[in-house]
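Heads up: the structure comes next, in structure tokens.
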Amino acid sequence: MEFRWDLVWSSMPTLLSGAKLTVQLTSIAVFFGIIIGTFAGIARLSKGPLRFLAAAYIDVIRGTPLLVQAFIIFYGIPGLIHRPIPAYLAGVLSLSINSGAYVGEIVRSGIQSVDKGQAEAALSLGMSNYQTMRHIILPQAFRRIVPPLGNEFIALLKDSSLVSVIALEELVRKGQIIIGRTFRPFEVWLAVAMIYFVMTFTVSRLVNYVEKRMNVNA
Amino acid sequence: MPNTPILEVRNLHKSFGNLHVLKGVSLKIARGEVVVVIGPSGSGKSTLLRCLNYLETPSSGEIIFQGEPIDPRTNLKQVRQEMGMVFQSFNLFPHMKVLHNVTLAPNLVRKTASKTAEEAALELLDKVGMAEKAHSYPPELSGGQQQRVAIARALAMQPEMMLFDEPTSALDPEMIGEVLDVMKKLALEGRTMMVVTHEMGFAREVGSRVIFMDEGVIVEEGTPQELFENPKETRTKEFLSKIL
Ligand SMILES: Nc1ncnc2c1ncn2[C@@H]1O[C@H](COP(=O)(O)OP(=O)(O)OP(=O)(O)O)[C@@H](O)[C@H]1O
Ligand SMILES: [Mg+2]
């Protein structure tokens, strides 16, 4: 059996439409992940009872597979609330909640990497905890957060393939569909791999660029 | 109330876990006084200063500032605005230009209009000899320059009192003078200052009172003259013989 390049090319339009969904899901998830993660990371470092809630959230999500989380949201929760959750929403939810936990840890360690003297100086000037966080700690933590956040984005691009199991036609699911039609797994999976690589490579270059830009005016 | 002290500390204790660091410190500071705190390493000088603005929460005791007991639930932020602090490690905000370092707190906390805050900041930077560096970032400055900016930043809140925790200890010897000069200038203006330092020259020259601390208590206090020329306590004598 010889390798059929033409099949790689002809599956591209379908695969790319799947890749579009992959990028979309991942971007939305990272967006909400950053919001959830910022709160979770700050809450984990706070003194109030929220600290335990945030710790539990982060530990449970990081300690269970994304696949199982997606199953719980797509198959489990509808049974509880007696109505189905659309696949797209379930996908976005599970990826966001998952990402939020990882981003939470990134934010926490970013905040902790800022010298304690910074907060003390701000507080000694009469600034509130919120003002100190917003103007002094987070902007400095952010510089250190960008690289691991980029890694998280890349990891999520790849892990989003897991939501193909809840009938979302992202990149992997499109590949499976084409294979069902053509019976040529090697060419199709190779094409899928190529697209993933182009996406992750682009993101990692972009992160490098942003990182360099920030170091210039540090 | 010209006779009430600006600051009064009553029987202050502070422990870190099992470590009893401050063991009943009481003191009064009058308006316009420059109080210099000396003592061996680990005697609790920094801890005392940091309790005054509640960067450390006292274990017990009372701190009365401008006639009111400090209470973290009510007046702490207000107190901090009136009690500037200068740190050994400067703690400038590295992601902001010098000017922004000085205007930030007046802007956010005192709600001073940007333009007014900037004018005031430039004036203060000029006073500490740093106006030319207003648009530099702190990491581009020498230690002495950073510390002078830090002093301007604290002054920008127009505090009633200033705390200095070993402001020259992290500096190369050739930069100590420029920071001490600024501090002397403030002292001569009649500002109330509490200064932890090993610079005995500064203590003699501008100190109105010197407090010697050891092992979490005030061992002895007096005018620089009294304390340096005629120490009464053996511990004071021992300490002074080591450093003078
Ligand atoms: N946050 C903290 N947690 C635990 N122990 C602390 C803390 N801060 C200070 N200590 C301890 O309290 C004691 C007094 O420290 P402090 O910094 O007040 O001394 P100091 O007189 O300022 O000394 P130095 O001249 O070295 O600055 C030391 O034994 C120190 O290790
Ligand atoms: Mg100290």
Side-chain angles (χ1 to χ4, degrees), chain A residues 34 37-38 41-43 45-51 106-150 207-218, chain B residues 46 49-50 52-57 72 75-97 100-111 135-140 146-147 149-159 161-165 170:
Chain A
I34 288 174
T38 303
I42 292 174
L45 293 172
S46 70
K47 297 209 178 78
L50 273 179
R51 171 166 56 127
I106 293 172
V107 168
R108 180 190 60 77
S109 73
I111 289 175
Q112 281 180 325
S113 76
V114 177
D115 187 90
K116 258 187 74 200
Q118 290 292 306
E120 292 182 347
L123 293 173
S124 79
L125 289 162
M127 288 167 64
S128 66
N129 287 331
Y130 169 78
Q131 288 168 334
T132 301
M133 198 41 97
R134 156 93 178 68
H135 295 276
I136 306 302
I137 308 298
L138 285 182
Q140 292 183 63
F142 186 70
R143 289 159 197 270
R144 287 160 234 201
I145 285 174
V146 167
L149 213 53
V207 172
N208 278 349
Y209 173 76
V210 173
E211 212 180 324
K212 285 224 182 68
R213 279 287 309 265
M214 284 193 322
N215 286 337
V216 168
N217 48 29
Chain B
S46 298
L49 231 57
R50 293 160 57 80
L52 297 183
N53 64 356
Y54 272 66
L55 287 182
E56 304 288 355
T57 308
N75 61 1
L76 180 56
K77 255 189 284 169
Q78 187 63 38
V79 167
R80 282 174 171 167
Q81 294 172 40
E82 315 264 301
M83 203 183 321
M85 189 170 209
V86 175
F87 302 83
Q88 181 174 347
S89 48
F90 329 134
N91 298 341
L92 291 181
F93 309 133
H95 60 301
M96 295 175 176
K97 288 180 176 173
H100 196 183
N101 263 272
V102 182
T103 56
L104 182 73
N107 226 309
L108 290 177
V109 181
R110 291 232 193 264
K111 313 283 178 213
H135 296 284
S136 304
Y137 283 92
E140 300 163 11
Q146 290 193 48
Q147 194 61 299
V149 172
I151 293 173
R153 178 178 67 179
L155 288 173
M157 291 300 285
Q158 301 177 305
M161 180 178 175
M162 295 270 284
L163 309 173
F164 294 82
D165 189 4

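The sequence lines fix the lettering, A, B, ..., with proteins before strands; numbering per chain opens at 1.
- For the pair A:His135 (side chain) and B:Ala105 (backbone), a donor-acceptor distance under 3.5 Å is absent.
- At a heavy-atom cut-off of under 4.5 Å, chain B is reached by A:Asp115, A:Gly117, A:Gln118 from residues 109-118 of chain A, listed in order of number.
- The contact between B:Phe93 and chain A is made by backbone and side chain atoms together, counting heavy-atom distances below 4.5 Å.
- For the set B:Asn53, B:Leu163, B:Leu108, the entry with the most heavy-atom pairs within less than 4.5 Å of chain A is B:Leu108.
- Closest approach of A:Gln140 and B:Pro94 over heavy atoms only: OE1-CG, 3.3 Å.
- With chain A as the partner, the residue from B:Met96, B:Lys77, B:Gln81, B:Met83 showing the most heavy-atom pairs under 4.5 Å is B:Lys77.
- The distance from atom CG of B:Leu104 to atom CG of A:Leu125, rounded to the nearest 0.5 Å, is 8.0 Å.
- Within a 6.0 Å sphere centred on CZ of A:Arg51, other residues, nucleotides and ligands contribute more than 12 heavy atoms.
- Within the 4.5 angstrom heavy-atom criterion, atoms from both the backbone and the side chain of B:Arg153 approach chain A.
- In terms of heavy-atom pairs under 4.5 angstrom with chain B, the leader among A:Ala119, A:Pro139, A:Ala122, A:Ala121 is A:Ala121.
- Note that NE2 of B:His95 and CZ of A:Arg143 are 7.5 Å apart. Values are rounded to the nearest 0.5 Å.
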